[in-house]
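In this text, all values refer to a predicted model and were calculated from it rather than measured experimentally.
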Amino acid sequence: MKRKYVGTGVHKTDAKALTTGKPVYTDDIAPANCLIVKVLRSPYAHALIEEINTEIAKKVPGIACVLTFKDVPRHRFTMAGQTFPEPSPYDRLILDQRVRFVGDAVAIVAGETDEAVDRALRMIKVKYQVLEPVLDFHTAKDNAVLIHPEEDWVANCPVGADNQRNLCACGQDGHGDIDAVLADCDVVLERTYHTKANQQTPMETFRTYTQLDAYGRLNIISSTQVPFHVRRILSIALGIPKSKVRVVKPRLGGGFGAKQTVITEVYPAIVTMKTGRPAKIIYTREESMIASSPRHEMEVTVRIGAMKDGRIRGIDLYTLSNTGAYGEHGPTTVGLSGHKSIPLYSNHQEAFRFRYDVVYTNVMSSGAYRGYGATQGTFAVESIVNELADVLGRDPIDLRMQNMVREGQVMPAYYGETASACALDRCVQRVREMIDWDHKVKPRVMPNGRVRAVGMAMAMQGSAIPNVDVGAVIIRLSDDGTYNMLIGCTDMGTGCDTILAQMAADCLDCRMEDIAVYASDTDTAPYDSGSYASATTYVTGMACVRACEELREKILRAGAKILMIEEEAAAFDGQRVYALEDDSRSVSLSDIAYSGQCNCNEVLSATVSHTSPVSPPPFMAGACEVEVDLETGHVELIDYVAAVDCGTPINPNLARVQTEGGLVQGIGMALYEDIVYAADGTNLSNSFMQYKIPTRLDIGTIRVEFESSYEQTGPFGAKSIGEIVINTPSPAIADAVARATGVHIRTLPITAEKIVCGRMENQDET
């Protein structure tokens with residue numbers, strides 16, 4: 001197959017519209033007469049609403065409706081945008097009499113103006129019965145205080161959930177006799193690592209507008225990664241058929257997993273159903289920080305067994321995950337903490353065990369965030385491997401080269417899949433050269449008295465959820481010889497509209513500008529699981545390739561018919577169909593297209609849905625150089641380098657930007673970001689003044705390279721790249737800090753206070 005566009009860094013197809021400020025986002029295109037919708041939120045972490053009086057609020061001029069738990073349907077549902085049947089439990093109501101965290105929804109107010117709605121919110125009088133909260137996730141399992149005591153709580157899948165034990169999920173997996181293997185190892189280390197909840201902080205906050213169309217159907221226009229899941233979730237929550245719901249996704253101002261959860265959609269939807277009027281909700285930054293879906297807090301305990309010669313023979317991992325007040329993505333994120341970290345060391349691995357509990361607590365519900373559990377598990381496993389290298393007196397890169405999974409090897413901890421395309425060894429060697437590891441591996445005291453040191457880590461992820469995720473494409477020949485492509489996936493700034501057009505153009509031997517891409521409208525686009533789980537390039541990309549191949553065959557058949565020759569005697573070069581024996585006999589693509597307007601029984605289009613039985617992992621390695629002030633504990637990131645194996649990069653420029661963006665988020669997780677709660681469960685990290693994310697001045701130099709492999713099951717040999725890129729900074733930076741200071745920070749973020757306290761403890765011990 002010719003490659004004119006695949007593998008080149010073409011500009012994003014929407015670049016001009018975005019850079020010139022065209023109205024493409026949800027709030028830009030919402031009707032001017034939309035009702036303004038806002039939510040009254042609970043001041044308590046755990047309480048029952050005994051009385052709620054809205055009469056005065058309803059009389060405020062300009063108020064269209066005020067809704068409480070008495071006024072909305074009582075259908076349990078989950079806000080997690082996942083394939084049906086959802087593994088996340090049905091534990092939510094639109095509004096509930098029981099509130100489960102500070103910021104939980106108490107009432108919905110809709111009015112003509114912000115001022116009227118704000119005034120009405122102040123007029124609502126609520127009497128609460130304050131209940132004891134569960135704020136420490138270590139004490140949640142089997143606690144006497146139940147967060148979900150309701151009888152209509154439902155678990156749709158066997159994930160080990162039990163609301164009477166505050167368990168959202170639990171389970172275990174394993175291979176071999178891990179206890180026997182560890183007992184036979186020369187060295188066994190056990191460490192516990194703690195990652196805090198992190199916010200995705202997309203530039204565009206959560207927002208939705210809704211309206212009824214001319215046929216009385218509920219139209220949802222929302223900043224979402226999962227339009228088809230939104231349609232199903234709203235039909236369940238509102239108690240209406242899916243056929244009565246249409247979801248349209250405009251351009252997204254970032255998602256990073258946050259918009260895989262239905263945060264805002266239900267509130268204007270119920271207002272529109274009650275009033276018949278268009279309605280919109282725009283979360284403030286504070287609401288996005290206190291009532292959204294951050295990364296799951298996890299505590300990961302790892303035991304690792306090795307021989308004196310460095311062979312890692314077994315890993316035993318236990319994850320305790322804090323899902324918060326509701327179970328969105330709780331049962332699924334936790335699996336990646338083990339299944340995407342343990343398999344990295346498959347070369348000599350004889351056994352593994354992976355156990356986990358996911359518990360409810362009375363803090364903001366967690367959800368999906370780039371890396372989706374693998375980030376937490378990678379921090380733990382990579383950190384203990386770095387500590388193992390210290391104990392064995394080994395270079396951590398050499399130790400990894402000895403133990404890492406290699407191409408063609410089976411990974412028992414990765415569902416028994418084979419590493420069919422794996423350039424991890426080349427990625428590690430590449431970052432070794434990029435960071436000048438061999439000359440910097442020993443810490444150096446700088447003229448200013450500070451210490452510089454390097455650290456490294458590696459990671460793997462996946463490409464879609466095997467046998468679950470679905471991507472689909474409709475592509476048709478227009479009557480002028482150009483193409484229309486309808487896709488159900490969601491471009492959230494990643495550029496998937498662009499890379500799918502690149503693939504289609506190469507498959508059809510045409511110009512990219514000859515392909516118009518339309519997404520995502522549940523009424524017109526084919527079903528697609530959505531943009532998450534690193535699925536779009538790999539799954540929807542293959543659907544695109546197959547659809548183009550099918551359309552080429554139809555074009556060839558139509559052209560051969562016009563030329564009155566057999567199909568086998570003709571060829572299609574993207575511009576015309578011609579006779580193989582006499583290429584002067586030909587018919588142009590535009591003439592074939594026009595022929596479809598008269599006396600035609602076949603539409604020149606193709607619809608293909610694709611899923612994959614495997615999830616080939618991308619791999620990467622990352623290394624960093626830090627400078628630490630030993631007196632103050634201040635850490636400055638000097639340099640970060642990364643090498644990524646994502647198969648064939650479809651668009652190297654977009655892949656590089658994806659990698660750089662993910663690394664910055666990982667750096668933020670490692671050094672700055674921390675959701676802090678007060679003793680009563682109030683989220684104190686409610687703005688960018690309190691919740692620190694890195695700026696350009698905080699990240700030093702970032703350098704990214706690619707080590708290509710070829711994945712046979714992917715389009716043009718591609719694998720995913722969206723999530724893996726966030727996983728290496730935390731363990732790599734922790735490794736560098738430990739080398740510089742002698743202090744192993746096992747609870748993120750890595751702060752000056754922890755470093756200074758750790759050095760003092762080390763001095764006391766000596």
Checking side chain to side chain donor-acceptor pair (under 3.5 Å) against R370, which of Q665, Q461, E723 comes through?
-> Q665
Are [X] and [Y] within salt-bridge range, i.e. N to O under 4.0 Å?
X	Y	answer
R165	D142	yes
E387	R191	yes
R703	E660	no
D179	R303	yes
D645	K719	yes
E407	R426	no

Verify whether one side chain among [X] and [Y] offers a donor that lies under 3.5 Å from an acceptor in the other.
X	Y	value
D698	T695	yes
T378	S341	no
E673	Y691	yes
Q402	H348	no
T418	Q409	no
N322	Y360	no
Q349	S346	no
S615	Y414	yes
R746	T192	no
E711	T713	yes

Before we go on, tell me: are the rings of [X] and [Y] under 6.0 Å apart, centre to centre?
X	Y	answer
F137	H194	yes
Y372	H329	yes
Y356	F354	yes

More than 12 heavy atoms of other residues, nucleotides or ligands under 6.0 Å from [atom1] of [X]: yes or no?
X	atom1	result
H439	NE2	no
M446	CE	yes
E631	CD	no
M760	CE	no

Is there a salt bridge (charged side-chain N to carboxylate O under 4.0 Å, His left out) between D398 and R432 once you walk through the steps?
-> CA-CA 10 Å; D398 292 339; R432 182 177 206 151; 3.1 Å; yes
If you measure from [atom1] on [X] to [atom2] on [Y], what distance do you get to the nearest 0.5 Å?
X	Y	atom1	atom2	value
N143	D136	CG	CG	9.5 Å
I733	S383	CD1	OG	11.0 Å
L344	M411	CG	CE	9.0 Å
M458	N727	CE	CG	12.5 Å

How far apart are the C-alpha atoms of R444 and E627, what are their side-chain angles, what is the distance that settles it, and do they pass the salt bridge (charged side-chain N to carboxylate O under 4.0 Å, His left out) test?
-> CA-CA 9 Å; R444 296 164 294 145; E627 185 174 286; over 6 Å; no
Please walk me through it: do S708 and T648 pass side chain to side chain donor-acceptor pair (under 3.5 Å)?
-> CA-CA 6 Å; S708 296; T648 302; 5.8 Å; no
I would like to know whether R353 and D173 meet salt bridge (charged side-chain N to carboxylate O under 4.0 Å, His left out); could you show each step before the answer?
-> CA-CA 6 Å; R353 178 166 56 205; D173 188 19; over 6 Å; no
May I have the step-by-step check of salt bridge (charged side-chain N to carboxylate O under 4.0 Å, His left out) for R400 and E382, ending in yes or no?
-> CA-CA 10 Å; R400 285 176 169 84; E382 287 302 281; 2.9 Å; yes
Work out which heavy atom in [X] is nearest to a heavy atom in [Y]; give both atom names and the distance.
X	Y	result
S612	Y538	OG-OH, 2.9 Å
Q376	V300	O-CG2, 4.3 Å
T494	L654	O-CD1, 4.1 Å
I699	L637	O-CD2, 3.6 Å
E707	A423	O-CB, 3.8 Å
N762	G742	ND2-O, 3.1 Å

